[in-house]
Undergrad: 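Attaching a single structure in structure tokens format; questions to follow.
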Protein chains: 2
Amino acid sequence: MNNKEKLRNAGLRPTKQRMIVADILLNGFNRHFTAENLQDEINSSGNSMSIATVYNCLKKFKNCGLIKQVETSKDTAIFDTNTDYHHHFLNEETGELIDIENEEISLRKLPEIPQGYINNGIEVIIKLKRHN
Amino acid sequence: MNNKEKLRNAGLRPTKQRMIVADILLNGFNRHFTAENLQDEINSSGNSMSIATVYNCLKKFKNCGLIKQVETSKDTAIFDTNTDYHHHFLNEETGELIDIENEEISLRKLPEIPQGYINNGIEVIIKLKRHN
DNA sequence: CAAGTAGTTTAGAACGGTTTTAAAGTAAAA
DNA sequence: TTTTACTTTAAAACCGTTCTAAACTACTTG
């Protein structure tokens, strides 16, 4: 399925800008990135895009499930093209994230989900510190 | 151990402002809060404190391990007086956090820690969605 | 294909949480 | 007591993100 189809399937109009973003993000290689990272990459590929459009686009992609946003307490939003159920190592000094495939972690025991709610995804973060 | 001693043990001067914050946070009852929450509480207790001081104080407390900061991708930093190893439910609609005691989750399998690093804490976030 | 309309992009302003600045104040050390 | 290092503060600055409103573009309908 090409990117135009991916966008249409997700209910998004394949505008010029969204296609540029899709070409960068939906190429099968997973990565973590910020809005600014993405804008830089767009600029250095000879295109250009307003930062507002970058944010709009990321929000739409996220709401459609084409990308994810990672749970970290950093001051900048981090997005992830890996939409599979998975986890992360977090280097707290640098903020760097490394994927942990779902198969590499398994939970033996889970707490009872509060009344009236359902489990909508589990994220495990393993914080790393440099070993001296 | 009283709060003055706790501050000194942590290597912090027990200033008037830090004592006010300690009286609110280090009373044995755990809670999640933002800098603004804390300032409001200080104000409504008849004291007052500049927002810069609230932030300075929270940063110091955090670096000393008197409080923790929770990993969430919300736009406001969330702090936690519960410094024990524990986890959270996250209601993604409201941003509300609920503690999960460490005993309520157990991990069967862990990934290999990248070379040169050590495991510096695992945080599990279980995202909740309202059940209809 | 033309005209209409609903959705999208944009620059720039606004926003909100957090940090910095620099001056005044305070705790501890000498 | 004097000195020194640290702390607090209001206000400004900062920075990531969202809003605004006008121009533009993709799609629909006739």
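Below, chain A is the first sequence line, B the second, and so on; all start at residue 1. Heavy-atom basis, side chains included; hydrogens, waters and symmetry copies ignored.
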Undergrad: Hey, mind stepping through B:Asp99 and B:His32 against side-chain hydrogen bond (donor to acceptor under 3.5 Å, both in side chains) and telling me if it holds?
TA: CA-CA 9 Å; B:Asp99 278 0; B:His32 304 114; 2.7 Å; yes
Undergrad: Are A:Val70 and A:Leu97 side-chain neighbours, meaning at least one heavy-atom pair lies under 4.5 Å?
TA: yes
Undergrad: Could you tell me if the side chain of B:Asp80 sits less than 4.5 Å from the side chain of B:Ile67, heavy atoms only?
TA: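 With C-beta onward as the side chain, the pair stays apart.
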Undergrad: Treating Ile, Leu, Val, Met, Phe, Trp and Tyr as nodes and any side-chain heavy-atom pair under 4.5 angstrom as an edge, say whether B:Leu90 and A:Tyr117 lie in one connected cluster.
TA: no
Undergrad: Can you check whether A:Ile118 reaches A:Ile113 side chain to side chain, under 4.5 Å on heavy atoms?
TA: no
Undergrad: Just verifying a value: how many Å separate B:Leu107 CG and A:Lys109 NZ, rounded to the nearest 0.5 Å?
TA: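 B:Leu107 atom CG to A:Lys109 atom NZ measures 12.0 Å (nearest 0.5 Å).
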Undergrad: So, using salt bridge (charged side-chain N to carboxylate O under 4.0 Å, His left out) as the criterion, who are the partners of B:Arg13 when residues are at least two apart?
TA: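 With sequence neighbours excluded, B:Arg13 shows a salt bridge (charged side-chain N to carboxylate O under 4.0 Å, His left out) to no residue whatsoever.
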Undergrad: Could you tell me the boundaries of the chain A footprint on DNA chain C, defined by atoms under 4.0 Å from its heavy atoms?
TA: C:dA6 to C:dA11
Undergrad: Not counting sequence neighbours, which residues clear salt bridge (charged side-chain N to carboxylate O under 4.0 Å, His left out) with B:Arg31? List them please.
TA: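 With sequence neighbours excluded, B:Arg31 shows a salt bridge (charged side-chain N to carboxylate O under 4.0 Å, His left out) to B:Glu41, given in chain and number order.
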Undergrad: Would a 4.5 Å heavy-atom cut-off, applied to side chains only, mark A:Ile100 and A:His86 as touching?
TA: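 Result no, sub-4.5 Å side-chain heavy-atom pair not found.
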Undergrad: Between B:Asn120 and A:Asn91, is the side chain to side chain contact (heavy atoms under 4.5 Å, CB included) condition met? List the steps.
TA: CA-CA 9 Å; B:Asn120 193 36; A:Asn91 179 336; over 6 Å; no
Undergrad: Of all heavy-atom pairs between A:Ala35 and A:Val54, which one has the smallest distance, and what is that distance?
TA: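 Residues A:Ala35 and A:Val54, closest heavy atoms: O-CG1, 3.6 Å.
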Undergrad: Angle between the two end axes of the helix from C:dC1-D:dG30 to C:dA30-D:dT1, five base pairs per end, rounded to 10 degrees?
TA: 30°
Undergrad: Return the set of residues passing side chain to side chain donor-acceptor pair (under 3.5 Å) with A:Lys6 (not counting sequence neighbours), or none when no residue passes.
TA: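 Not a single residue meets the side chain to side chain donor-acceptor pair (under 3.5 Å) criterion with A:Lys6.
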Undergrad: What are the 5'-most and 3'-most nucleotides of DNA chain D lying under 4.0 Å from any heavy atom of chain A?
TA: D:dG16 to D:dC27
Undergrad: Can you sort out the partners of A:Glu112 under salt bridge (charged side-chain N to carboxylate O under 4.0 Å, His left out), two or more places apart, ordered by chain and number?
TA: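 Applying salt bridge (charged side-chain N to carboxylate O under 4.0 Å, His left out) to A:Glu112 gives none.
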Undergrad: How long is the span from the CG atom in A:Asn37 to the CG atom in A:Asp40, to the nearest 0.5 Å?
TA: 6.5 Å
Undergrad: Can you pull out the residues from residues 75-83 of chain B that lie within a 4.0 Å heavy-atom distance of DNA chain C?
TA: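 B:Asp75, B:Thr76, B:Ala77, in order of number.
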Undergrad: Output a table of donor-acceptor pairs, distance under 3.5 Å, between side-chain atoms of residues 122-132 of chain B and any protein atom two or more places apart or on a different chain; print 'none' if there are none.
TA:
| residue | atom | partner | partner atom | Å |
| --- | --- | --- | --- | --- |
| B:Glu123 | OE2 | A:Lys127 | NZ | 2.8 |
| B:Lys127 | NZ | A:Glu123 | OE2 | 2.8 |

Undergrad: Among residues 6-17 of chain B, which ones have heavy-atom contacts with DNA chain D below 4.0 Å?
TA: B:Arg13, B:Thr15, B:Gln17
Undergrad: Centre-to-centre under 6.0 Å for B:His87 and B:Phe89, is that the case here?
TA: no
Undergrad: Please name all residues satisfying salt bridge (charged side-chain N to carboxylate O under 4.0 Å, His left out) with B:Glu36, sequence neighbours left out, ordered by chain then number.
TA: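 For B:Glu36 there are no salt bridge (charged side-chain N to carboxylate O under 4.0 Å, His left out) partners, ignoring immediate neighbours.
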Undergrad: Kindly state which residues belonging to residues 35-66 of chain A come within less than 4.0 angstrom of DNA chain D, counting heavy atoms of the residue only, listed by number.
TA: A:Ala52, A:Tyr55
